[in-house]
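So the structure is just underneath, and the comments pick up after that.
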Amino acid sequence: MAQKPSIPKGTRDFSPEEVNRRNYIISTIKKQFQHFGFQPIETPSFENSSTLMGKYGEEGDRLIFKILNSGDFLNKVKDDLYAEKDSLKITPKISEKALRYDLTVPFARYVVQHQNEVEFPFKRYQIQPVWRADRPQKGRFREFYQCDADVVGSDSLWQEVEFVQLYDSVFTSLKLNGVTIKLNNRKILSGFAEVIGETDKLIDFTVALDKLDKIGKDGVIKEMKEKGIAEEAIQKIDPIFELNGNFSAKINGLKSILSTSEVGKKGIEELEFIQRAIEAMPLKTAKLDLDVTLARGLNYYTGAIFEISAPEGVKMGSIGGGGRYDDLTGIFGLKNMSGIGISFGLDRIYLVLEELDLFPEAVEENTKIIFINFGEKEALYAMKAVRALRDAGINAEVYPDSAKMKKQMTHANRRNIPYVVLAGTQEMEAEKYTIKHMESGEQETVHLDEIIQKLR
RNA sequence: GUGGUUGUAGCUCAGCUGGUUAGAGCGCCUGAUUGUGGUUCAGGAGGUCGUCGGUUCGAAACCGAUCUUCCACCCCA
């Protein structure tokens, strides 16, 4: 074989079966989004760099795919700048557009740009691919789909409650039982930082704390020390590591840890509101858990923080996440717009469903019945029947060539088409069709109406 | 971005310390079976060993670069 063509690192092709399965997930999520009152929007694959750059931190900027300007872009770079060979400085000169990195920032841009047309509170959903120049691993791609639902323009905590229910509804419909909805609140984390007197190191503190289940208590403490958090401060947070038990028990623990922090107490109030609501309206299959270590990469969140972990035993990172950001649109100049949103990681959910063998067996999209082609006259006879079947809503086709019988049968078999019709001279004379059920091997010669009745 | 790992037939993989025409299972093709697939039997095709370069009398095997896979950091869906 000559040099095989290839696709870039971290991208994938999808076969018909894979697309059907992905569509199954997407349509399930979409249906629930709609049940909860969300409206769809779409935004361009690429945005102006100024819209995206600086919104995800230094690390995020590095992972944004930049698009080169058209034309003789290098010619416009000044000689002294070019001689410096500083990529960071030259990039803005030669690239003014970039592929979107997530759906939240484009959404914020959308809201600001269309603020006069949008009716608030605005509930939107968006299912589109995003791109990250990350190094791929299992469940991490450079092109992947996000399924986001956000509400902008409402401070109500009922939104948080609804998003917990939305998560539960989606995973219940997907038959993916036992996912954990981990809940935290940025105000709790701020409270911790306040209590230990390290408010200026809040981010370092939360990033370290987030790694608890991965590197353990000692690892977390070590990292905090490395980041310059004082020894006695670290000792003060020791009770955090002792938090356990159910939601209420953890809340009680938090109440004593955060008794001196106003912001911390506010966070506890918010958590309790959500918990009470969910207690009154129990979740169908998901579990709600309080995880005070939850923080990762979510530095723009100001209130609730969500993360979804796959059922126990499935080795997969988070399959969804989200939270509240008080000033979603502030970066684009529209103040006092509180937003809250969640995201589903389509590609990871796919991997989890595949691992647990949870995709439904029936592939509705597949052809139900195929007609063997015996020649020109017979093909016309078959085509007429196929037209009637299609009009009746049945997926039907005629084999295009009058190839060998064996080849045509094998084709039907490989495509898992359940029924094959053989109609030759005899059948044509009787105005009938011989229909064969592939799985049982049984066949009978009947009128077209009977076939339509049978398959409808 | 850092460190490591992987790449041999369509697929899953053998191939010992470099030594003639590179193997297996499954799959594929043909026939037994000219109006019957999935089973069985008999034959058969298919690989410049990811790519480029180097070491060597000789490379799938050793070295370098590059692409790709997966993993750990970083970060994250």
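Numbers restart at 1 for each chain; the letters A, B, ... are given by sequence-line order, proteins then strands. If you're wondering where the values come from, they're calculated on a predicted model, not measured in any experiment. Any value given below was found using the heavy atoms of this structure, including those in side chains, with hydrogens, waters and symmetry copies removed.
If you find the closest nucleotide of RNA chain B to Ser343(A) and to Lys138(A), the one lying nearer the 5' end belongs to Lys138(A).
For the side-chain hydrogen bond (donor to acceptor under 3.5 Å, both in side chains) with Ser169(A), the lone residue among Lys284(A), His35(A), Lys31(A) that qualifies is Lys284(A). Screening Asp168(A), Val151(A), Ile181(A) for a side chain to side chain contact (heavy atoms under 4.5 Å, CB included) involving Phe163(A) leaves a single residue, Val151(A).
Between Ile234(A) and Ile229(A), the shortest heavy-atom contact is CD1-O, 3.7 Å.
Taking the C1' atoms as reference points, G31(B) lies 33 Å from C49(B), given to the whole Å. Spacing between C63(B) and A72(B) at atom C1', rounded to whole Å, works out to 26 Å.
Listed pair Lys9(A) / U68(B) meets the phosphate criterion, a side-chain N or O lying under 4.0 Å from OP1 or OP2. Regarding contacts with the backbone of C75(B), a side-chain N or O of Lys211(A) is found under 4.0 angstrom from either OP1 or OP2.
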Carefully, step by step, assess Gln32(A) and Ser173(A) under the rule side-chain hydrogen bond (donor to acceptor under 3.5 Å, both in side chains).
-> CA-CA 9 Å; Gln32(A) 294 304 326; Ser173(A) 331; 3.1 Å; yes
Going through the checks in order, is the side-chain hydrogen bond (donor to acceptor under 3.5 Å, both in side chains) test met by Asp210(A) and Thr293(A)?
-> CA-CA 5 Å; Asp210(A) 183 62; Thr293(A) 69; 5.0 Å; no
Kindly give the atom pairs (protein nitrogen or oxygen, nucleotide nitrogen or oxygen) under 3.5 Å for nucleotides 5-7 of chain B.
none

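For residues 398-423 of chain A, the pairs satisfying salt bridge (charged side-chain N to carboxylate O under 4.0 Å, His left out) are Glu397(A)-Arg415(A), with sequence neighbours left out. Evaluation of the side chain to side chain donor-acceptor pair (under 3.5 Å) test over residues 126-136 of chain A, restricted to residues two or more places apart or in two chains, returns Thr43(A)-Gln126(A), Arg124(A)-Gln126(A), Gln126(A)-Gln128(A), Trp131(A)-Glu143(A), Asp134(A)-Arg140(A).
Annotation: ring-ring contact (aromatic ring centres under 6.0 Å, His included) contacts of Phe374(A) (sequence neighbours excluded): none. A search for ring-ring contact (aromatic ring centres under 6.0 Å, His included) contacts involving Phe33(A) returns Tyr125(A), Phe344(A), not counting sequence neighbours. The ring-ring contact (aromatic ring centres under 6.0 Å, His included) test applied to Tyr350(A) returns Phe359(A), not counting sequence neighbours. For Tyr24(A), there are no ring-ring contact (aromatic ring centres under 6.0 Å, His included) partners at least two apart in sequence or on another chain.
In this structure, Gly375(A) reaches neither bases nor backbone, as no heavy-atom distance under 4.0 Å exists between it and the strands shown. If you check every strand for non-hydrogen atoms under 4.0 Å, Glu59(A) touches a base. Here Gly139(A) lies in heavy-atom contact (under 4.0 Å) with a base. Residue contacts for Phe344(A): at a heavy-atom cut-off of 4.0 Å it reaches no nucleic acid atom on any strand shown.
The pair Glu162(A)-Lys123(A) counts as a salt bridge, with a side-chain nitrogen and a carboxylate oxygen less than 4.0 angstrom apart.
Looking at Lys66(A), its side chain does come within 3.5 Å of a backbone N or O of Ile64(A) through a donor-acceptor pair. The backbone N or O of Leu380(A) sits nowhere less than 3.5 Å from a side-chain atom of Lys384(A) that would complete a donor-acceptor pair.
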Which letter, B, S or -, goes with each nucleotide of nucleotides 25-39 of chain B from 5' to 3', with contact meaning a protein heavy atom under 4.0 Å?
-> ---SS-S---BBBB-
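Sorted by residue number, the members of residues 345-357 of chain A with any non-hydrogen atom under 4.0 Å from RNA chain B read Gly345(A), Arg348(A). The stretch residues 94-101 of chain A has no heavy atom under 4.0 angstrom from RNA chain B at all.
When the C1' atom of U2(B) is taken as reference, atom CD of Gln137(A) falls 13 Å away, rounded to whole Å. Across the protein-nucleic acid pair, Glu226(A) atom CD and C74(B) atom P stand 11 Å apart, rounded to whole Å.
In this structure, Arg22(A) satisfies the cation-pi test against Tyr145(A), with its NZ or CZ atom closer than 6.0 Å to the six-membered ring centre and inside 45 degrees of the ring normal.
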Taking distance alone, no hydrogens or angles, what donor-acceptor pairs closer than 3.5 Å link side-chain atoms of residues 217-228 of chain A to residues at least two apart or in another chain?
| unit_1 | atom_1 | unit_2 | atom_2 | d |
| --- | --- | --- | --- | --- |
| Lys217(A) | NZ | Asp238(A) | OD1 | 2.9 |
| Glu223(A) | OE1 | Lys211(A) | NZ | 3.1 |
| Glu223(A) | OE2 | Lys211(A) | NZ | 3.1 |

In dot-bracket, 5' to 3', how would RNA chain B read with Watson-Crick or G-U wobble pairs under 3.5 Å, [ ] for crossing ones and | for pairs to another strand?
-> ((((..(..((((.....[...)))).(((((.......))))).....(((((..]....))))))..))))....
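For Phe144(A) and A77(B), the ring-to-base geometry satisfies the stacking test (centroid distance below 5.5 Å, interplanar angle below 30°).
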